*Asks:* 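Structure below; questions to follow.
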Number of protein chains: 2
Amino acid sequence: MKHVAALAGVGIKTVSRVINEEPNVAPDTAARVWEAIRALDYHLDMQAGSLRRAGGRTHTLGLLVSSVDNPFASTIHRAVEDSALEHGVAVFASSLDDDPEREDKAVAAFLRRRVDGLILTTASPAQNYLSSTAGRGMPVVFVDREPASTAVDSVVSDNRAGAATATAHLIRHGHRRIALLTDRLRIQTAAERQRGFFDALGAAGIPASEVQVVTDLYDADGSEAALAGLLASPEPPTAIFSAQNLITIGVLRALRAAGRERSVAVVGFDDFPLAGLLDPGVTVVAQDPYRIGRLASERIFRRLSGEVVEPERVLVPTRLIERGSGELGPS
Amino acid sequence: MKHVAALAGVGIKTVSRVINEEPNVAPDTAARVWEAIRALDYHLDMQAGSLRRAGGRTHTLGLLVSSVDNPFASTIHRAVEDSALEHGVAVFASSLDDDPEREDKAVAAFLRRRVDGLILTTASPAQNYLSSTAGRGMPVVFVDREPASTAVDSVVSDNRAGAATATAHLIRHGHRRIALLTDRLRIQTAAERQRGFFDALGAAGIPASEVQVVTDLYDADGSEAALAGLLASPEPPTAIFSAQNLITIGVLRALRAAGRERSVAVVGFDDFPLAGLLDPGVTVVAQDPYRIGRLASERIFRRLSGEVVEPERVLVPTRLIERGSGELGPS
DNA sequence: CTGAAAGCGCTAACAG
DNA sequence: CTGTTAGCGCTTTCAG
């Protein structure tokens, strides 16, 4: 910048004014400065700037998700990026693999880089870093999962209602012997979905003794093996509610292997690509990850703009998509 | 940091030494400093540090891909992140939507943030920013697509050989009336795949007049419509080589709609989730995006560590996965 | 409209 | 083993 000022024959502050498009610069002075900038191929150093800038803003956001290559997470990522771009903000992304230790480390790494805000899918039972961030006035919004603490912003799918919808749909098609296949219940979304499952059973007067629940599933292989076991039992379920993406895939594989894909009904939580191309098409309760990401970053930017708002829990509705597998009756 | 030094009763430089784990600090001094750090919930400001640090390293990397929510790109992203984590480096990601203007802007945004290196899927015919980055000594590695300029690092799939393998596979199963469905040929990967297609035809002595080529396809809808047209023609193809992900999906939809999924062979370029669950399973030439991301970031870090290496073009092999659709004979 | 001076939080270089 | 000084590139403040 010094060099640009020298070449343009102006003071360093004038260069600063020009490049930041501040007012009070004569048009021809500005032109001379732009020319020098181009001639020297100069690029502003925002890092140095944020050192002195009021509020120390770095125009940077941190996004923490289960994994950047998970479709649900990467759609959130895209939404956050789109929103950030409108504000001239760049996005750091980090994968947590549902590991609380990794979460702490990743948050610390972002704190050291002085991000302006944090959007995150927490994996921890407790968010110790909240004191550091809150103390610094850094806005934090939780997505997909809610933290233990209550006075924070969060944007999550309506897991409980969605699961109830899925289960009620199966009941409406005549099923009673329904199996729930789900993740580790310490994960908040899994617990909510289980609650929704039982909500719908209760509303229909189906006793818990008639259904089967398998928990602690987290990948397709485990889920496939679990369902294979159920199918081989004396009283196999006539319908499955699979409470997560990968679990649904395992379910489909197990049904296919047993030749039962047209005789056992399936509704999955969370949509996935090609669900409609399978035979039968897979009925799902779809989430809206783009909307979740959008709402989360809009909230961050609202806080950054100085607006004082009460912490809020935003529930994003889910949508049942009927494709065939959920409309099969009990055999 | 000043405050930490005061609280611990040491000089500011000692705090710097402790937090950066530099040698030559007495154990009990270090302990006192750590305690103060914890008490004040202090987090180092890396931005300020990089201002003075030798080489001005920010421990930050920029990743530019078509879109962060594209599965191929997000697998690369994950690989880069894993590699970066080992080096204590954070990753900025940005989506380009194959828009050259957006590419320029995104690179400029990363330059302003002084990233240590850039990994990118270029969409531009020319990379004007290369002079800025190279001049600054910033390492750049291209992935998936190669730039116009030659003296740069790149890591790409062996598109030509992969396409030839796919085509030869169809020929081996008795097909001659094969259709190529592909993207805009100005995209370098599409052009390479078309070359591979003709390589295999040439090797088998099949004249170009026997095959059909449809280009400028970029989404599933367009591809579905295009194939519907071909199937309705007097001499429909007996086999399809679909040169890209979304195009393959359109192909599958068109075949399904026409009830031809068991009579027309298909090989797709690029694997996708659930390809094995469809009926018939979809034979593909799979790429290895994780490996591409790994190799690219390892090259960045090798350059950052000061190693001087010749710019190199790394070709990552593809792999044919037979699942059924590619093994159907001509009817 | 323009510029000079101070200082953001840190690390390099050097002195003790 | 420890502390002092200077200065990274910028923005703020204030004086012309």
Side-chain angles (χ1 to χ4, degrees), chain A residues 1-34 36-37 40-60 88 108-116 132 136-138, chain B residues 1-34 36-37 40-60 88 109 111-116 132 136-138:
Chain A
M1 180 146 156
K2 217 167 28 183
H3 302 125
V4 175
L7 182 61
V10 299
I12 187 175
K13 175 67 226 193
T14 301
V15 177
S16 171
R17 270 194 268 263
V18 169
I19 208 162
N20 290 305
E21 307 191 317
E22 286 169 29
N24 296 330
V25 180
D28 52 318
T29 311
R32 273 210 331 284
V33 172
W34 278 119
I37 287 174
L40 296 176
D41 191 31
Y42 169 77
H43 293 260
L44 181 65
D45 186 335
M46 294 181 71
Q47 316 234 49
S50 64
L51 209 53
R52 201 71 177 69
R53 194 178 357 254
R57 294 286 165 74
T58 56
H59 297 285
T60 271
F110 287 167
L111 249 30
R112 279 196 298 273
R113 287 176 178 88
R114 297 293 187 267
V115 296
D116 294 338
S132 324
R136 237 165 272 271
M138 177 189 296
Chain B
M1 180 147 156
K2 221 169 24 185
H3 302 126
V4 175
L7 183 62
V10 299
I12 188 173
K13 175 70 222 193
T14 300
V15 177
S16 172
R17 272 194 267 262
V18 169
I19 207 163
N20 291 305
E21 307 191 318
E22 286 168 29
N24 297 330
V25 180
D28 53 319
T29 311
R32 275 212 327 287
V33 172
W34 278 119
I37 287 173
L40 296 175
D41 190 30
Y42 168 78
H43 292 261
L44 180 65
D45 185 336
M46 292 182 71
Q47 316 234 48
S50 64
L51 211 52
R52 201 69 176 70
R53 191 176 4 250
R57 292 288 164 73
T58 56
H59 296 285
T60 271
L111 248 30
R112 278 196 298 274
R113 288 177 177 87
R114 297 293 186 269
V115 296
D116 293 338
S132 322
R136 237 166 272 272
M138 176 189 296

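Residue numbers begin at 1 in each chain, while the letters A, B, ... track the order of the sequences. In this text the structure is predicted, and so the values were computed from the model without any measurement.
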*Asks:* Heavy atoms under 4.0 Å, any strand shown: does A:Thr29 hit a base, just sugar-phosphate, or nothing?
*Replies:* sugar-phosphate
*Asks:* Figure out the CD1/P separation between B:Ile12 and C:dC8, and round it to whole Å.
*Replies:* 10 Å
*Asks:* Please list all pairs passing the salt bridge (Lys or Arg N to Asp or Glu O under 4.0 Å) test where one or both residues lie in residues 17-30 of chain A, with sequence neighbours left out.
*Replies:* A:Lys13-A:Glu22
*Asks:* Mind calculating the distance between NE2 (B:His3) and P (C:dC10) to the nearest angstrom?
*Replies:* 10 Å
*Asks:* Under the side-chain hydrogen bond (donor to acceptor under 3.5 Å, both in side chains) test, which residues partner A:Asp116, sequence neighbours left out?
*Replies:* A:Thr58
*Asks:* First and last nucleotide of DNA chain D touching chain A, 5' to 3', heavy-atom cut-off 4.0 Å?
*Replies:* D:dG9 to D:dT12
*Asks:* Do the side-chain N or O atoms of B:Ser16 get closer than 4.0 angstrom to the phosphate oxygens (OP1, OP2) of C:dC10?
*Replies:* no
*Asks:* For B:Asp45 and C:dT11, what is the distance between atoms CG and C1' respectively, to the nearest whole Å?
*Replies:* 12 Å
*Asks:* Check the distance between C:dA12's C1' and B:Leu51's CG and give it to me in whole angstrom.
*Replies:* 13 Å
*Asks:* To the nearest 10 degrees, what angle separates the axes at the start and end of the helix from C:dC1-D:dG16 to C:dG16-D:dC1, five pairs each?
*Replies:* 30°
*Asks:* Using the 3.5 Å cut-off, write out each protein N or O paired with an N or O of nucleotides 13-16 of chain C and the distance between them.
*Replies:*
none

*Asks:* With DNA chain D as reference, determine whether B:Val10 or B:Gly49 sits nearer its 5' end, using the nearest nucleotide of each.
*Replies:* B:Val10
*Asks:* Once you round it to whole Å, what is the distance between P of C:dG9 and CZ of A:Arg113?
*Replies:* 19 Å
*Asks:* Given C:dG9, C:dC10, C:dA12, which nucleotide is nearest the side-chain atoms of B:Arg53?
*Replies:* C:dA12
*Asks:* Contact list please: residues 19-28 of chain B against DNA chain C, heavy atoms, distance less than 4.0 Å, in numerical order.
*Replies:* B:Asn20
*Asks:* Using whole Å, report how far NZ of B:Lys2 lies from P of C:dT11.
*Replies:* 15 Å
